[in-house]
Number of protein chains: 2
Amino acid sequence: MAGLRERKKQRTRDALVRTAHELFVAQGYERTTIDEIAAAVDVSQRTFFRYFASKEEVAFALLRTVEERFFTAVRERPADEAPLQVLGNALGTAWNHIGDAIQEVVPLEVYMRMWRVIETTPALVAAHLRHSTEQEERLAAEIARRAGVDPEHDPRPRVLVAAFAGVLQLAGRRWAAGRDITVEGARRVFREHLDRFGPALAEDWRPAGGSGEDTPACRG
Amino acid sequence: MAGLRERKKQRTRDALVRTAHELFVAQGYERTTIDEIAAAVDVSQRTFFRYFASKEEVAFALLRTVEERFFTAVRERPADEAPLQVLGNALGTAWNHIGDAIQEVVPLEVYMRMWRVIETTPALVAAHLRHSTEQEERLAAEIARRAGVDPEHDPRPRVLVAAFAGVLQLAGRRWAAGRDITVEGARRVFREHLDRFGPALAEDWRPAGGSGEDTPACRG
DNA sequence: TCGAAAGTGTCAGTCGCTGACACTAGGCTC
DNA sequence: GAGCCTAGTGTCAGCGACTGACACTTTCGA
């Protein structure tokens, strides 16, 4: 177990994330000041900025945690799984722990409501889009590596990841808009949305080799 | 001709855009302050904010002008043109005036260099992504309207626009990275990139009617 | 020509964010 | 257990983006 110092730091960080999320959800992102968050946690504004580089960062803190869990799950999938299966199954196993990880910091309902706050705050939408494109790039590279294709010339990893990310985004919105706050509900919503994929993106790519231009997944 | 007041306003606005662009290009976006821009144009900081709601807005001012010209050109294309032809031809005719419109404010080279500034400034990348998604939505709606399909259920307008926007983005980067500063050079680069589209997206959609789910442009 | 309205400058203030420096408290050695 | 090292914190002072209030000037229309 970590020392007292470490545990104290973790508590402060969690308190900042929790308080920030509660305030953002209750009164909006822009109407909440850093001073307000810091005061509620009883630390100085300067301390806030030692934990988070910006106001935006604390707003995305939980999303980042979830993201990392998903990424780890992707890396741990067996090597012979087809690309779309990797993504779907990684999401499935990640959900086993995500719920608990979130609820260690905030109630699931707060996390859920934060989705809408992000969606309806222009500055957060912009930050989210930028981060998402970076993550899609990263995910596509990992998928390409696993499938043994060249991500520079084969467009399929990016296309798959873009489609997958789009579905996730939509599913998340639907979940956040609905009434089922439970983790099971979230898992179900995501599962249902993913199942709408056609077979094209799910096929095994390895026979295609590194020069995907010859056999792209989608060509009219 | 507009009154003295109007002309004066236009001159101030152009001077702000020009000075801002020159400073952004010369020393970077973040290293340029509003006070600096305002001082160079010899107006107060307050006046700057009466012309532009934010620092970002002045950085995108020229791009917005170009965008609007393109949009107008799209609306003016004949009704019987196929979707991709509409986009390509609108771009072609828009280029007839875009060059002059830009050069009324800044030399073309400054406009070109501003592309790279936007690309390499995280805050501007984020703002640009957000704005782009909104514009793609708008453009897809217009394309769907022209083609007589339902944008809610037929994915083709969005797919086409997304692909078109991606190609434009890439072409713009290539142009800004190259040496040919002329409008003709830009037109050529964009034309070349657009010509790489396959025939699938160029097909006429009207036979498909409003329920595009039955005949999507891209399905594996 | 005179008055309404548009445009501008000044000032004072908020908020996000940063550097510098002094202080406190956790963790280590002896 | 005393004492040192240093990670973590608070305080303070300041920058830059942005806003509201108010007074002054300039244009425009009756």
Side-chain angles (χ1 to χ4, degrees), chain A residues 1-17 19-21 23-24 26-61 117-118 121-128 130-131, chain B residues 1-17 19-21 23-24 26-61 117-118 121-128 130-131:
Chain A
M1 183 160 200
L4 172 56
R5 196 129 78 183
E6 280 303 310
R7 277 177 288 148
K8 225 172 173 177
K9 256 173 67 179
Q10 193 56 50
R11 273 210 307 275
T12 304
R13 200 194 134 88
D14 286 353
L16 284 171
V17 172
T19 306
H21 274 69
L23 288 171
F24 291 160
Q27 59 190 33
Y29 177 77
E30 276 151 355
R31 277 183 298 278
T32 303
T33 68
I34 308 277
D35 281 340
E36 217 171 336
I37 300 168
V41 178
D42 205 39
V43 296
S44 71
Q45 194 215 46
R46 197 68 185 82
T47 292
F48 174 93
F49 282 110
R50 289 198 177 98
Y51 281 90
F52 303 99
S54 67
K55 189 180 174 183
E56 278 169 13
E57 199 173 301
V58 73
F60 289 114
V117 173
I118 291 172
T121 307
L124 296 182
V125 170
H128 186 55
R130 187 169 78 83
H131 182 81
Chain B
M1 184 161 200
L4 172 58
R5 195 130 77 186
E6 280 304 310
R7 277 177 288 147
K8 226 172 173 175
K9 256 175 64 178
Q10 192 57 49
R11 272 210 308 275
T12 304
R13 200 193 135 90
D14 286 353
L16 285 171
V17 172
T19 306
H21 275 67
L23 289 171
F24 291 161
Q27 59 191 32
Y29 176 78
E30 275 150 356
R31 278 185 298 280
T32 304
T33 67
I34 307 278
D35 282 340
E36 218 171 336
I37 300 168
V41 178
D42 204 40
V43 296
S44 71
Q45 194 213 48
R46 197 67 186 83
T47 292
F48 173 93
F49 282 110
R50 288 198 178 98
Y51 282 89
F52 303 100
S54 68
K55 190 180 173 183
E56 278 169 13
E57 199 173 302
V58 72
F60 288 114
V117 173
I118 292 172
T121 307
L124 295 183
V125 170
H128 186 55
R130 186 170 79 81
H131 182 81

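Keep in mind that this is a model prediction, so the values were computed, not measured. Below, chain A is the first sequence line, B the second, and so on; all start at residue 1.
A straight line from CD of B/Q10 to P of C/dG7 spans 12 Å, rounded to a whole angstrom. Across the protein-nucleic acid pair, A/E30 atom CD and D/dC18 atom P stand 12 Å apart, rounded to whole Å. Between the CD atom of A/Q45 and the P atom of D/dC12 there is a distance of 13 Å, given to the nearest Å. Taking atom CD of B/E36 as the reference point, atom P of D/dG16 lies 9 Å away to the nearest angstrom. At whole-Å resolution of the value, CG in B/L23 and C1' in D/dG16 are 15 Å apart. Across the protein-nucleic acid pair, A/E57 atom CD and C/dG16 atom P stand 15 Å apart, rounded to whole Å. Counting to the nearest Å, the C1' atom of D/dT26 and the CZ atom of B/R11 are 14 Å from each other. Summarising the geometry, the separation between CG on A/D35 and P on C/dC17 is reported as 12 Å, rounded to the nearest angstrom.
Between the CD atom of B/E36 and the OG1 atom of B/T19 there is a distance of 11.0 Å, given to the nearest 0.5 Å. To the nearest 0.5 angstrom, B/R13 atom CZ is 14.0 Å from B/T47 atom OG1. Between A/L4 atom CG and A/R11 atom CZ the span is 7.5 Å, to the nearest 0.5 Å. In this structure, CZ in A/R7 is found 13.5 Å from CG in A/D14, a value given to the nearest 0.5 Å.
B/S44 comes within contact range of at least one nucleobase, with a heavy-atom separation under 4.0 Å. In this structure, A/F48 reaches neither bases nor backbone, as no heavy-atom distance under 4.0 Å exists between it and the strands shown. Contacts of B/T47 with the nucleic acid, taken as non-hydrogen atoms under 4.0 Å apart, involve only primed sugar atoms and P, OP1 or OP2. Note on A/F52: nothing from the nucleic acid sits closer than 4.0 angstrom, heavy atoms only.
By the side-chain contact (heavy atoms from CB on, under 4.5 Å) test, A/R5 pairs with no residue at all, sequence neighbours left out. Remark: B/K9 engages B/E6, B/Y51 in a side-chain contact (heavy atoms from CB on, under 4.5 Å) (not counting sequence neighbours).
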Write out a two-atom table: protein N or O, nucleotide N or O from nucleotides 20-24 of chain D, distance below 3.5 Å.
| from | atom 1 | to | atom 2 | distance (Å) |
| --- | --- | --- | --- | --- |
| D/dG20 | N7 | B/R46 | NE | 3.3 |
| D/dG20 | N7 | B/R46 | NH2 | 2.9 |
| D/dG20 | O6 | B/R46 | NE | 2.9 |

Protein-nucleotides 2-5 of chain D N/O pairs under 3.5 Å:
none

Considering only nitrogen or oxygen atoms on both sides, find all protein atoms under 3.5 Å from nucleotides 25-27 of chain C and state each distance.
| from | atom 1 | to | atom 2 | distance (Å) |
| --- | --- | --- | --- | --- |
| C/dG26 | OP1 | A/K8 | NZ | 3.3 |
| C/dG26 | O3' | A/R5 | N | 3.3 |
| C/dG27 | OP1 | A/L4 | N | 2.8 |
| C/dG27 | OP1 | A/R5 | N | 3.0 |

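Between B/I118 and B/F60 there is a side-chain heavy-atom pair separated by less than 4.5 Å. Side-chain contact between A/V58 and A/F48 is present, with at least one heavy-atom pair separated by less than 4.5 Å.
Residue A/K55 places no side-chain N or O under 4.0 Å from the OP1 or OP2 atom of C/dC15. Of the side-chain N and O atoms in B/Y51, one or more sit less than 4.0 angstrom from OP1 or OP2 of C/dT8.
Across all non-hydrogen atoms, the minimal contact from A/A123 to A/E56 is O-OE2, 4.0 Å.
The C1' atoms of five pairs define one axis at each end of the helix from C/dT1-D/dA30 to C/dA25-D/dT6, and these two axes lie 10° apart (to 10°).
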